Amino acid sequence: MSVYDVFRERGFIEQVTDEPQIRELLEQKSVTCYIGFDPTAASLHIGSLVPIMSLAHLQRHGHRPIALVGGGTGLIGDPSGKTEMRQILTRDQIDHNAECLKKQLSRYIDFREGGAVLLNNADWLTQLNYIEFLRDIGRHFSVNRMLAAESYRVRLEKGLNFIEFNYMLLQAYDFLHLFRHYNCLMQMGGNDQWGNMVAGIDLIRRMEEKTTYSLTFPLITTSQGNKMGKTEKGTIWLDAELTSPYEYYQYWINTEDGDVARFLALFTFLPMEEIVAVKALSDARLNMAKAVLAFEATKITHGAEAALGAFEKTAQLFGCRSVETGLFPSSTIPRPDVTGEAHIVLPSLSLSASGTSSLPIERRRLDEGIPAFELFHETNLCASRGEARRLITQGGGYVNDRQFAAFDERIGLRDVDERGEIRLRKGKKRYVILSVR
RNA sequence: GGAGGGGUUCCCGAGCGGUCAAAGGGAGCAGACUGUAAAUCUGCCGGCGAAGCCUACGGAGGUUCGAACCCUCCCCCCUCCA
C-alpha cells in the first residue's frame, strides 16, 4: 500500500494536481516532498498537525520529507487565508521561532543523517538580488492571473499590501530551489496554499521544463465548524511549556462525537481497520474511543510517559473508565487487567506529582480558613472576586467534589486530604490542586 | 491631496443630553439533562464584601447642574475622486 493510498484512506487529501501521476510517483521508492511551516510563533499548534502527520507517513513509507521553515517568507507574511495583513515580525523573532520549530518538528520526523531534511528558506531568499529576481523569476508571473487567485481576490477587497503580493513569487521560488537542489518533486500544504503551490509548479515548468506536483490537505474543522486547535481559552500548542500534556490530552478527549473516527485517522497511527469500528460505538464505548484518541495523540506529541501521566491524572480527576481490551488492540493505552473486570490499578500518587500544575498553600493560612470565593480568585479559577462569588452562589464551585453551601464558606484544614492536597473545582472540568506545606 | 462615512464593553451592533454599566445577538462561564460530546432549557456575564462608590463608549480639551450622546483639536479605519 502506497502512502498515497494511506493519505486517501485517512482523509489527508483535498486536491491534487494529477492524481494518476502522483499515485504512480508515490509508489516509487523514494520521492522527495516538501511542506513549508511559517515561523510566526515559537511553537506550532494543532493546526499544523495534519502536515506534520503527512510527513511522518511519507517517511514511514520510505520517502524523503523536507520540512521547510519559512524564515525568509516569514519576513513577508503570507496573505493566503487571511483577511488582514499579518503582523510583521522582526528578523530576530523569526530566527528564534525558526529554531524552535526545528526542534519541535524533529519529534515527529527523523532528521538524522539520510532521513528527512530540515531547511530554512532564509538561507537562499535573503541572498536574492532584487533586480535579478525580477528579471529571472518575476517575468514568469502574470499579474492578471495572480489577481485572479482566490487568496488575493479576497484580500483585494480589504486591501493588499505590495509586500504580501510578492509572497507567491517567493514560495514558487522555494519550490524551484528545492527542485534544483534536492530533486523535490512535490509540495504539500493546506488548501489555502493551492495558488502558491501551483505557481511553483508553473515556474518549474517554465524554467526547467519539468513536471512537478502538489497535494493539498483539507482545512480541518470540527463538526461544529470551528478551526482545529483554537479554543476560547486559546490555542492548543504542541509545546509542552505552552500547553501541558494534560491540557493537550483534555483537548482531544473533548472531541465531538462526530469527529472521533476522522480524527483518529488523521492524528494517530492506529490501523484503519480498528478505526472504522468507531462507527459502531456509542455512549460509554464512544468515550473510550476518545480516550484512545487522546492517549495516542498525546503520545505522538509528548511521548509515552507524558501520555501516561495525562491519562492517570484524568483518571484521578474524572474517575477511571478503562478501555475494553477488544477495542483498538493496537493502542498502548492502559487496559484493565486480564480478568477484564477490575479497574486499572493506579499508583495513588499525588496529583501534583503526575506532572501537572499545583499550587502551594501554607498550612497556617488554613488554620483560620480562607473564604472560598477568595481562594477561587487567588488561584485564578475566577478572574475576580465578584465572578467567584457569583460562580459559587450559582453552584459551580466545589472542594474535593463537594459543592459549596455558601460563597464565603471557609476552606480549612478539614478539607485537606490524605495526600496533603485540596482539590478546588470550577464546573465539571477545571481543577486547581493546592498542596499544603 | 480633495470629498464623504465611521471608531461603543471579548466580537457584531443599537443608543445621539439625564431613566446608560449602556438594548439585542454571538462568544464565554455555571446549573439542569447526559457520556469530560452535541442539542435543549435556566441563570450569570466591568471592578469593589452590600445601599453605594470607582473605571469605561478612539485620544485630549471644552460647553452643561449633568455628556457615549453637543463643540474644538488630534489619531485611526473605510468608501469615492486624484
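These figures come from a predicted structure and were not determined experimentally. All chains are named by letter (A, B, ...) in the order of the sequence lines, taking the proteins before the strands, and each is independently numbered beginning at 1. Values reported hereafter were calculated over all heavy atoms of this structure, with side chains retained and with hydrogens, waters and symmetry mates removed.
Note: CZ (Arg262(A)) to C1' (rA38(B)) measures 15 Å, nearest angstrom. We find that CD of Glu387(A) is positioned 19 Å from P of rU9(B), with the value rounded to whole Å. Atom pair Phe407(A):CZ and rC44(B):C1' shows a separation of 15 Å (rounding to whole Å applied). The CG atom of Asn254(A) sits 19 Å away from the P atom of rU34(B) (whole-angstrom rounding). Taking atom CD1 of Ile370(A) as the reference point, atom P of rG49(B) lies 16 Å away to the nearest angstrom. With rounding to whole Å, Glu324(A) atom CD is found 16 Å from rG35(B) atom P.
Within the nucleic acid shown, Lys290(A) comes within 4.0 Å of at least one base atom, counting heavy atoms only. If you check every strand for non-hydrogen atoms under 4.0 Å, Tyr398(A) touches sugar and phosphate atoms only. Base engagement by Gln394(A) is indicated by at least one non-hydrogen atom pair under 4.0 Å involving a base atom.
For Lys428(A), the listed nucleotide lying nearest its side chain is rC33(B); candidates were rC48(B), rC29(B), rC33(B). You'll find that the side chain of Arg389(A) is closest to rA50(B), out of rG47(B), rA37(B), rA50(B). Which of rU36(B), rG49(B), rA37(B) sits closest to the side chain of Gln250(A) comes down to rU36(B). Closest approach to the Glu256(A) side chain among rA30(B), rU36(B), rA37(B) is made by rA37(B) (side chain taken as heavy atoms from C-beta onward).
Sequence order on RNA chain B of the closest nucleotides to Ser282(A) and Ser384(A) puts Ser282(A) first from the 5' end. Mapping Lys429(A) and Leu391(A) onto RNA chain B via the closest heavy atom, the residue that lands nearer the 5' end is Leu391(A).
The partner of rC57(B) is absent, by the rule that a Watson-Crick or G-U pair needs both atom distances under 3.5 Å. Remark: rC41(B) base-pairs with rG31(B); criterion is Watson-Crick or G-U wobble with both hydrogen-bond distances under 3.5 Å. Across all strands shown, rU79(B) pairs with rA3(B); the Watson-Crick or G-U wobble distances both stay below 3.5 Å.
With hydrogens and angles left out, the side-chain atoms of Glu387(A) and Ser384(A) include no donor and acceptor closer than 3.5 Å.
Using cut-offs of 30° and 60° for the angle between ring planes, the His57(A) and Phe7(A) rings count as perpendicular.
Between Arg390(A) and rG49(B) there is no side-chain N or O to OP1 or OP2 distance below 4.0 Å.
Partners of Leu125(A) under the side chain to side chain contact (heavy atoms under 4.5 Å, CB included) rule, at least two apart in sequence or in another chain, are Thr73(A), Asn121(A), Leu128(A), Leu170(A), Tyr173(A), Asp174(A).
Pairs passing the ring pair (Phe, Tyr, Trp, His ring centres under 6.0 Å) check and including a residue from residues 278-310 of chain A, sequence neighbours excluded, read Tyr248(A)-His302(A).
Residues Glu296(A) and Lys299(A) are paired through a salt bridge, judged by an N-O separation under 4.0 Å between the basic side chain and the carboxylate.
One cannot find a donor-acceptor pair under 3.5 Å joining the base of rG49(B) and the side-chain atoms of Asp408(A).
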